[in-house]
Amino acid sequence: MEEPQRARSHTVTTTASSFAENFSTSSSSFAYDREFLRTLPGLLIVAEIGLCFNGSAFVLYLSATVVDASSVSPERDSHNFNSWAASSFFAFLVTICYAGNTYFSFIAWRSRTIQ
């Protein structure tokens, strides 16, 4: 036996929190953040983020490169040998680029922290 559906109210009750009332999205509230990136601590944070990104990308690409290079079979009769060899070469090239970028990010970060 089905129960009859109850009539629902057509009104909606909303509340506002005190946080939402005090929060302002005007450009003056974000002016400090824009100026912070131009200061020495702001530049250090950006440099540290770049250093962490480049360092983690280097480690991930290095592990992928080692796996890629170790999976190339030395048999020349294989159709995919040239593709695997080219893939390994470009993986090493990208890994070297990330290693260089990590080095330069570290040098830039180190020179800013010494000053």
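Keep in mind that the numbers below use all heavy atoms, side chains included, and drop hydrogens, waters and symmetry copies.
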For Ala69 and Ser88, the nearest pair of non-hydrogen atoms, with its separation, is CA-OG, 3.5 Å
Exercise: identify the closest heavy-atom pair between Gly55 and Thr102:
N-OG1, 3.4 Å
Atom CZ in Phe90, atom CG in Asp68: separation rounded to 0.5 Å?
12.0 Å
Residue set satisfying ring-ring contact (aromatic ring centres under 6.0 Å, His included) with Phe106, at least two apart, ordered chain then number -> Trp109
Has Ser87 got a side-chain atom pairing as donor or acceptor with Ser83's backbone, closer than 3.5 angstrom?
no
Indicate, with yes or no, if Phe104 and Leu51 share a hydrophobic cluster defined by side-chain heavy-atom contacts under 4.5 Å among Ile, Leu, Val, Met, Phe, Trp and Tyr.
yes
Drop me the distance from Asn54's CG to Asn101's CG, to the nearest 0.5 angstrom.
4.0 Å
If hydrophobic clusters are built by linking Ile, Leu, Val, Met, Phe, Trp and Tyr wherever their side-chain heavy atoms come under 4.5 Å apart, do Ile96 and Leu93 end up in the same one?
no
Return the set of residues passing ring-ring contact (aromatic ring centres under 6.0 Å, His included) with Tyr61 (not counting sequence neighbours), or none when no residue passes.
Tyr98
Is Phe53 reachable from Phe58 through a run of I, L, V, M, F, W or Y residues, each pair having side-chain heavy atoms under 4.5 Å apart?
yes
